[in-house]
**Student:** 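Structure below; questions to follow.
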Amino acid sequence: MSAQFAPAGVEARGWGWRHASRLAWALRDVSFRIAPGERVLVLGASGAGKSTLLHGLAGVLGGEEEGESEGALLVDGEPAAAARGRAGLVLQDPDSQVILARAGDDVAFGCENLGVPRAEIWPRVEAAMAGVGLDVPLDHPTAALSGGQKQRLALAGMLAMGPGLVLLDEPTANLDPEGVREVRDAVERMLATRPATLVVVEHRLEVWLPLLTRVIVLGAGGVVADGTPADVLGAQGERLAADGVWVPGRPPAEPSAPRAAPGEVLLSARGLAVARVKGRPVAHGIDLEVRAGEAVAITGPNGAGKSTLGLTLAGLLPPVSGAVSAAPVLAQGADPSPIRWASRELLTRIGMVFQEPEHQLLGKTVREELAVGPRALGLSEGEIEARVDELLHRLRLAHLRAANPYTLSGGEKRRLTVAAAIATRPRVLILDEPTFGQDARTWAELVAMLAALRDEGSAIVTITHDLDVVRALHATRFALGASA
């Protein structure tokens, strides 16, 4: 086997990283050694630095203008930043990895940059797309892919490169159950045919544990646990669960059932067809009611149109056909069609949390981000401060109040965007994958907050593959099929 395709060795020697705009270190004093061919799961509470570690191993953290590092992070004995090409990284947000307009070209991009012969590229591309279950033509527009499909696209691009170090940052976070199995199986097939060192950050432990040989847990003191899955999750499971780490057999607390039956209809869809790209409807024939004091969970396979339906219900995309109508109590004298409302009218009526947190970040700091909506409503500075402080505390963001939102972890960004939507106290709250990137503790706190809003009379619409959320919120399930 050539050195290019041999499994890579990894070593961290007292390594740490601090983002340029942050006083606190993202992680510090991290030391471990990973032998070539090992398969390692990295765990830790939200904000422990798991994604930062993977970015460091991939050599994409940037130079001195991006932040400060200490210690050493090595791949095959040389600094990780100098070993680019040896590592393939799939990020938490697959949308940020889409480069080209057509799916096949995007998967081929990495191979082309590595100088793979043209005759070899396209067989690799087709095999990689088939391996992750991305069943679209090579010329399919990447703009027409769902979030989950983009995640498979990113994984296919990484697999086609044949790296010696495979880095996966929550690769199944936005996939349906079948997609989760396909991705996991695709990684297993790849490792069987072309061995590589695997480092994966993931909350779906049950899916990945049979494939893994080791668990490393990050915490405030660097590496706080390291060993076989049985040793780490068994002997230390209780302590880790208390710190927010997802541990099989130790589920987080769930809120109680709704205190009252659902109330009046606030928002309804009749004969609705939806599309993200003009001329490409993804779902039609949708009849749906959203009631006060009710949680509705929109579920279904990737590509079924769940996110597009959410955006259409939120008044951010026009219906292709049919109608979305707000009841008079929600419209408050405005046109019953939310797509005709001004942004300021939407603020207190329908809040939307996008699947990709970066798409709605506006403030320079976390505190400023939470103040954007209340300030647009013309609230007093005292009221704004009170709302912001409450949300900072409830969603464990107080220590990050002065941080640049873009330097937060994926889970922290998700909690920030949920908090920003709640800050204007909308009567209907639509959330696309609200529990993405959460540790067990923040998952429980986030779900409890949504349940409290439901019990106070708000309508909660969650678009999710997390069936634990559906159960915990006692949600009415609306299953959207690929042929709906």
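Being a predicted model, the structure only gives us computed values, none of them experimental.
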**Student:** Please check this pair: side chain of E38 against backbone of A35, looking for a donor-acceptor N/O pair closer than 3.5 Å.
**Tutor:**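 Confirmed, E38 side chain pairs with A35 backbone.
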**Student:** Under 4.0 Å between a side-chain nitrogen and a carboxylate oxygen: does that hold for R401 and D389?
**Tutor:** no
**Student:** Tell me whether R13 is salt-bridged to E11, with the criterion being a basic N under 4.0 Å from an acidic carboxylate O.
**Tutor:**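 E11 and R13: salt-bridged.
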**Student:** Backbone N or O of L100 within a donor-acceptor pair of the D106 side chain at under 3.5 Å?
**Tutor:**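 Side chain of D106 to backbone of L100, a donor-acceptor pair under 3.5 Å: yes, one is there.
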**Student:** Using the side-chain contact (heavy atoms from CB on, under 4.5 Å) definition, which of the options T464, T417, V418, I422 pairs with L431?
**Tutor:**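 Option passing the side-chain contact (heavy atoms from CB on, under 4.5 Å) with L431: V418.
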**Student:** Do the non-hydrogen side-chain atoms of L416 and L408 ever get within less than 4.5 Å of each other?
**Tutor:** yes
**Student:** For the pair Q236 (side chain) and V232 (backbone), establish whether a donor and an acceptor sit closer than 3.5 Å, ignoring hydrogens and angles.
**Tutor:** no
**Student:** In sequence, state the C-alpha distance, the side-chain angles, and the governing distance for T442 and D439, and then conclude on side chain to side chain donor-acceptor pair (under 3.5 Å).
**Tutor:** CA-CA 5 Å; T442 58; D439 62 39; 3.0 Å; yes
**Student:** For atom CZ of R250, decide whether the heavy atoms of other residues, nucleotides or ligands shown that lie under 6.0 angstrom number more than 12.
**Tutor:** yes
**Student:** In Å and rounded to the nearest 0.5 Å, what is the CG to CH2 distance from D29 to W15?
**Tutor:** 12.5 Å
**Student:** Give me the atom names and distance for the closest heavy-atom approach of T348 to T424.
**Tutor:** CG2-O, 3.7 Å
**Student:** Drop me the distance from L61's CG to L53's CG, to the nearest 0.5 angstrom.
**Tutor:** 9.0 Å
**Student:** Looking only at atom types and distance, does a side-chain atom of R367 sit under 3.5 Å from a main-chain N or O of V388, one as donor and one as acceptor?
**Tutor:**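 It does not hold such a pair.
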**Student:** Please determine whether the number of non-hydrogen atoms from other residues, nucleotides or ligands lying under 6.0 Å from atom CZ of R22 exceeds 12.
**Tutor:**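 Enclosed.
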**Student:** Which pair of non-hydrogen atoms, one from M352 and one from A421, has the smallest distance, and what is that distance?
**Tutor:** O-CB, 4.4 Å
**Student:** Would you compute the distance between atom OG1 of T197 and atom CZ of R39 and round it to the nearest 0.5 angstrom?
**Tutor:**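 So the OG1 of T197 and the CZ of R39 are separated by 10.0 Å.
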**Student:** Counting distance only, does the side-chain N/O of R344 pair as donor-acceptor with the main-chain N or O of L377 below 3.5 Å?
**Tutor:**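 Looks like yes, one N/O pair under 3.5 Å.
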**Student:** In terms of heavy-atom contacts, does CG of L23 have more than 12 from other residues, nucleotides or ligands at under 6.0 Å?
**Tutor:**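 Not more than 12 within 6.0 Å, no.
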**Student:** First locate atom CD1 of I298, then atom CD1 of I463, and finally report the distance between them rounded to the nearest 0.5 Å.
**Tutor:** 5.0 Å
**Student:** Do R86 and P163 have side-chain heavy atoms sitting under 4.5 Å apart?
**Tutor:**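 Result no, sub-4.5 Å side-chain heavy-atom pair not found.
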**Student:** With a 4.5 Å limit on heavy-atom distance, are the side chains of L391 and L397 in contact?
**Tutor:**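 With C-beta onward as the side chain, the pair stays apart.
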**Student:** Would you mind reporting whether P248 and L233 have side-chain heavy atoms less than 4.5 Å apart?
**Tutor:**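 Yes; the side chains approach each other to less than 4.5 Å.
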**Student:** Backbone N or O of G363 within a donor-acceptor pair of the E369 side chain at under 3.5 Å?
**Tutor:**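 Such a contact is found between E369 side chain and G363 backbone.
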**Student:** Locate the shortest heavy-atom distance separating W443 from A472; write the atom from each residue and the value.
**Tutor:**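 Scanning both residues completely, I find the closest heavy atoms to be CH2-CB, 4.0 Å.
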**Student:** Under 6.0 Å from the CD atom of E238, do we count more than 12 heavy atoms belonging to anything else shown?
**Tutor:**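 No - once you tally the heavy atoms of other residues, nucleotides and ligands closer than 6.0 Å, there are 12 at most.
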**Student:** So, Q149 versus R152: side-chain donor-acceptor pair below 3.5 Å or not?
**Tutor:**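 Looking only at side-chain atoms, R152 and Q149 do not form any donor-acceptor pair under 3.5 Å.
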**Student:** So do the side chains of Q360 and V353 get within less than 4.5 Å of each other, counting heavy atoms only?
**Tutor:**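 The answer is yes; the side chains approach within 4.5 Å.
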**Student:** Given V10 and L74, is the side chain to side chain contact (heavy atoms under 4.5 Å, CB included) satisfied, shown in steps?
**Tutor:** CA-CA 6 Å; V10 175; L74 309 174; over 6 Å; no
**Student:** Does Q97 reach the main-chain N or O of L91 with its side chain, forming a donor-acceptor pair under 3.5 Å?
**Tutor:**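 Yes.
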**Student:** Go through F109 and V98 one step at a time and tell me if the side chain to side chain contact (heavy atoms under 4.5 Å, CB included) criterion holds.
**Tutor:** CA-CA 10 Å; F109 183 79; V98 176; over 6 Å; no
**Student:** Do W208 and P229 come close enough that some side-chain heavy atom pair is under 4.5 Å?
**Tutor:** no
**Student:** Where is the tightest heavy-atom contact between G222 and V30, given as atom of each residue plus distance?
**Tutor:**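 Reported closest heavy-atom pair: CA-CG2, 4.1 Å.
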**Student:** I want to check something: taking the side chain as every heavy atom from C-beta on, are T312 and L316 in contact at a cut-off of under 4.5 Å?
**Tutor:** no
**Student:** For the backbone of G9 and the side chain of D76, can you confirm whether one donor and one acceptor N or O come within less than 3.5 Å of each other?
**Tutor:** yes
**Student:** Hey, is the main chain of G14 close enough, under 3.5 Å, to the side chain of S31 for a donor-acceptor pair?
**Tutor:** yes
**Student:** Between CD1 of I121 and SG of C111, what distance do you get to the nearest 0.5 Å?
**Tutor:**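 Between I121 CD1 and C111 SG, I get 5.5 Å after rounding to 0.5 Å.
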**Student:** Show, in sequence, the C-alpha distance, side-chain angles and deciding distance for R441 and E445, and conclude whether the salt bridge (Lys or Arg N to Asp or Glu O under 4.0 Å) test is met.
**Tutor:** CA-CA 6 Å; R441 181 170 51 193; E445 291 166 347; 5.2 Å; no
**Student:** Minimum heavy-atom separation for R124 and M161, please, with both atom names.
**Tutor:** NH1-O, 3.5 Å
**Student:** Before you tell me yes or no, could you show the steps for L429 and L450 under side chain to side chain contact (heavy atoms under 4.5 Å, CB included), namely the whole-Å CA-CA distance, both residues' side-chain angles and the distance that decides it to 0.1 Å?
**Tutor:** CA-CA 9 Å; L429 181 61; L450 296 179; 4.1 Å; yes
**Student:** In plain terms, say whether R184 and E188 are close enough for a salt bridge, that is, a side-chain N and a carboxylate O under 4.0 Å apart.
**Tutor:**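 Yes.
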**Student:** When you compare the side chains of T435 and D466, does any donor N or O come within less than 3.5 Å of an acceptor on the partner?
**Tutor:** yes
**Student:** For the side chain to side chain donor-acceptor pair (under 3.5 Å) test, which of H203, E412, R414, R415 pairs with Q438?
**Tutor:**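 Filter result, single survivor: R415.
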**Student:** Give a yes or no on whether a salt bridge exists between K413 and E358, defined as a side-chain N under 4.0 angstrom from a carboxylate O.
**Tutor:**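 So K413 pairs with E358 through a salt bridge.
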**Student:** Taking the side chain as every heavy atom from C-beta outward, state whether F354 and D432 have any pair of such atoms under 4.5 Å apart.
**Tutor:** no
**Student:** First locate atom CG of L311, then atom CG of L317, and finally report the distance between them rounded to the nearest 0.5 Å.
**Tutor:**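 Here the rounded value is 5.0 Å.
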**Student:** Under the salt bridge (Lys or Arg N to Asp or Glu O under 4.0 Å) rule, collect the residues that match up with R471, sequence neighbours excluded.
**Tutor:**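 R471: salt bridge (Lys or Arg N to Asp or Glu O under 4.0 Å) contacts with E254, D468.
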**Student:** Please collect all salt bridge (charged side-chain N to carboxylate O under 4.0 Å, His left out) contacts where either partner lies in residues 299-312, sequence neighbours excluded, each pair once.
**Tutor:**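 Listed by first then second residue: nothing to list.
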**Student:** Any luck finding a side-chain donor-acceptor pair between H465 and E433 under 3.5 Å?
**Tutor:**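 Yes, side-chain donor-acceptor contact under 3.5 Å.
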**Student:** What are the two closest non-hydrogen atoms of A128 and A156, and how far apart are they?
**Tutor:**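 Minimum heavy-atom contact is CB-O, 3.3 Å.
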**Student:** Between I460 and V296, does the side chain to side chain contact (heavy atoms under 4.5 Å, CB included) criterion hold? Intermediate values first, please.
**Tutor:** CA-CA 6 Å; I460 306 296; V296 176; over 6 Å; no
